[in-house]
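We number each residue from 1, following the sequence as shown.
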Amino acid sequence: MTDAPRLAVSELSGGRKGGANQGLLAGAHDAEARDMDMRFSSITGVVSTEEKVRFERMIFRATRGNCYVRFAPIKQPITCPETGSLIEKCVFIVFFKSLAIETKLKKICDAFFAHRYSLPDMDDAPSVDRMLTENAQELVDSRTVLLKNQDTRFRLCQMLAQHTERWTWIVLREKAVYHTLNMFKADVSGMLRGEGWVISESFEDIRISVTRAHSDMDSNMPSNVDQVPKPWPTPPTHFTTNKFTYGYQEFVNTYGIPRYREANPALFTAATFPFLFGVMYGDIGHGLFLFCAGLYLLWNEDKNDKIKLDEMTGGLHMGRYMITMMGFFAVYAGLVYNDCFSLGLNLFGSRWVFGSEEPEEGDVAEMTSQYGDGDSVYPFGLDPMWHVAQNELLFFNSFKMKLSVIFGIFQMFFGTCLKGINAIYFGKKLDFVFEFLPMVAFACSLFMYMVILIFMKWSINWNSRMLSATCLDPASDGWGSEDYQETVNGQTGVWVECNGGDGTCTPWGYACQGNDDLVDKCPLNYGGSGDGCQPPNLITTLINIALAPGNVDEPMYEGQAGIQNLLLAIAGLSVPVLLLAKPYFISQQHSAHAGDSHDEEDGDEEHGFGEIIIHQAIETIEFVLGMVSNTASYLRLWALSLAHSELATVFWEKAMLSTLNMNWFATFIGYGVFAGTTFGVLLMMDVLECFLHALRLHWVEFQNKFFAADGIRFAPYSFKQILADASG
């Protein structure tokens, strides 16, 4: 590597005055002297491959090109002693001929963390060989030392590993004990005093444990465990759970901790959560898969309790009873809907028959028994004939929508009742009289009345009512039908012939003229355009309660307009009572107890009347608007149930029915598509979707009626929990 610069110097010398021959002769005499003068110094070392380009550029700029650099990559990565990571490095050698350049190069090497190494003169072959031999021996010795060190560390770790867990537990327990003792107060000479919470049922056990532990220490000083005199600060909340209720309690605690001695929503969630899930997921086949999955988790319960599970598997294990109940109620709702993989099951024999054995599209089915007879009712669930009816979607939509509203209003009303129970238990008379009672009045006058109308519409024989306002020819086959069951003039189901008119009569004897209104033909005289003989649109009826008071276009019972006006007045009066009554009486109590910082009635902090009004206005608006919006929110029960059944129908018709009439291979492929989409969409995604919606209904629609969620969770001193938290 020194030939190139020597060649350059020779060429420069050859160009001197006197000619080429004279220069060569002079160089021959002074060859040895010039060779010593032109010998270059060098620096060698190792630098990171990533820094190679920057390193070379920095050397070129610092020395202004008066050096010669060469690199050679190291094939194997080198372990960094500081970080332990593998780094690609390369060897460099820099030739230079200046002491000032050498100083700059050393600073550059230090800046780039390049390790420099001293090399002997390349012309001194014995020194080079000796250095190579020494390096090889050092490598062998270093490897031997490293292997022995590694073996020693391994054996030491094996020995320590036998005691690490026990030592860790001891350290954690000692730290926990000292941390707890640091919270004690030394305000009594020679003794420590601490205050804490304990479960009332375990108070005697705590006293016995402290006495026994104190006696084991052979201490002459006594120990005492006693109750602190009241008043106490707000106690923490603790609920004793079991394997079944633990998952539901964690659901509630995730939203918020109940107040001390407040009604625990988890008790009711354990029953209503899987039920509402089943309402949305109702299908016998899909629910059976979920139920079997829950049974499998229960079967492996003991085994999973003994091993450490990951986060997802641990969550499934925690909710094993919940999953089982969800599957059970999904099967139950599927039996009510009579829906199994989108197919109806004729388990008890349909109560509808077609006129021919091979009905065609558009044929009308007839009931096998008289309307209202017990034999005309399908024993359990919906009749399977609805699954092949042309108006299937219309019927199921109406049924599931009304069912969703009923369940939602019942659950919200029950939550409001729990608010009243809490007020009675805590002795809050103002909350009971001026919050709970107006809320009940508002909810009953509008929303519970809606439920009553739904059941009334279901229970009325509309075939008989509509037939009573229908003009028939007394000589026709329809005259004298048993469908007519109305009571007119004290007679039930009696057909009366009339005289005059156009020759047709209503069943109760009205002579039709050909252009009669429904009001004239209906014998009920309930008012409105329908007069009670026409089934009403309940949505329109409920909207008209507020928008058109006193106007009922299609009444279902006599005096409906007056009753609805009374209910509207009750709902209207309950709102200002809910808004103003409690703040007024609180302000009066504060005025009477101006010297007290707390109100003995409800324990609230003293506020100005304006702040109390604002707080109560927020609660009033939240309740009034919440009853409307939350009722609409419960329609998700209908929407998700409809989506589930329609998706199952699409998967069955497009993947299976369309391939059954082709060939066996197409059927095989179609079944694979059907099974894959059913598993991925209905058994995985839809389960999660229904789960989240059921959770939201409990957190938002149900719990906000009575649940403040601002309690403090009881955290007992537990070595087991401390060790579990440390290992987790």
Side-chain heavy atoms of [X] within contact of [Y], under 4.5 Å:
X      : Y      : answer
Leu697 : Phe277 : no
Tyr255 : Phe707 : yes
Leu682 : Phe651 : yes
Glu558 : Leu524 : no
Met385 : Asn346 : no
Phe380 : Asn338 : no
Tyr246 : Met318 : yes

Tell me if a side-chain donor or acceptor on [X] pairs with a main-chain N or O of [Y] at a distance below 3.5 Å.
X      : Y      : value
Thr269 : Tyr248 : no
Arg465 : Gly532 : yes
Trp479 : Leu472 : no

[X] and [Y]: side chain donor to acceptor below 3.5 Å:
X      : Y      : answer
Tyr634 : Gln411 : yes
Ser464 : Glu486 : yes
Glu701 : Ser633 : yes
Trp352 : Ser350 : no
Glu689 : Tyr281 : no
Asp553 : Ser529 : yes

Legend entry - Full working for side chain to side chain contact (heavy atoms under 4.5 Å, CB included) between Thr541 and Gln560: CA-CA 10 Å; Thr541 301; Gln560 183 173 347; 3.8 Å; yes
Inset, instruction - Indicate the atoms forming the closest heavy-atom contact of Thr659 with Gly670, along with that distance. - result: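 So the minimum-distance heavy-atom pair works out to OG1-CA, 3.9 Å.
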Inset, instruction - Would you kindly check if the NZ (Lys) or CZ (Arg) of Arg696 is within the cone defined by 45 degrees around the ring axis of Trp699 and under 6.0 Å from the six-membered ring centre? - result: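 No cation-pi geometry.
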Legend entry - Trace of the side chain to side chain contact (heavy atoms under 4.5 Å, CB included) decision for Tyr337 with Lys400: CA-CA 9 Å; Tyr337 301 153; Lys400 292 182 179 180; 4.0 Å; yes
Inset, instruction - With disulfide (SG to SG under 2.5 Å) as the test, would you mind laying out the steps for Cys512 and Cys471 before giving the verdict? - result: CA-CA 6 Å; Cys512 299; Cys471 295; 1.9 Å; yes
Legend entry - Cys522 and Cys533 SG atoms less than 2.5 angstrom apart: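 Correct, these two cysteines form a disulfide.
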Inset, instruction - Would you mind checking if Lys705 and Glu619 are paired as a salt bridge, meaning a charged N to carboxylate O distance below 4.0 Å? - result: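 Looking at Glu619 and Lys705, the cut-off is not met.
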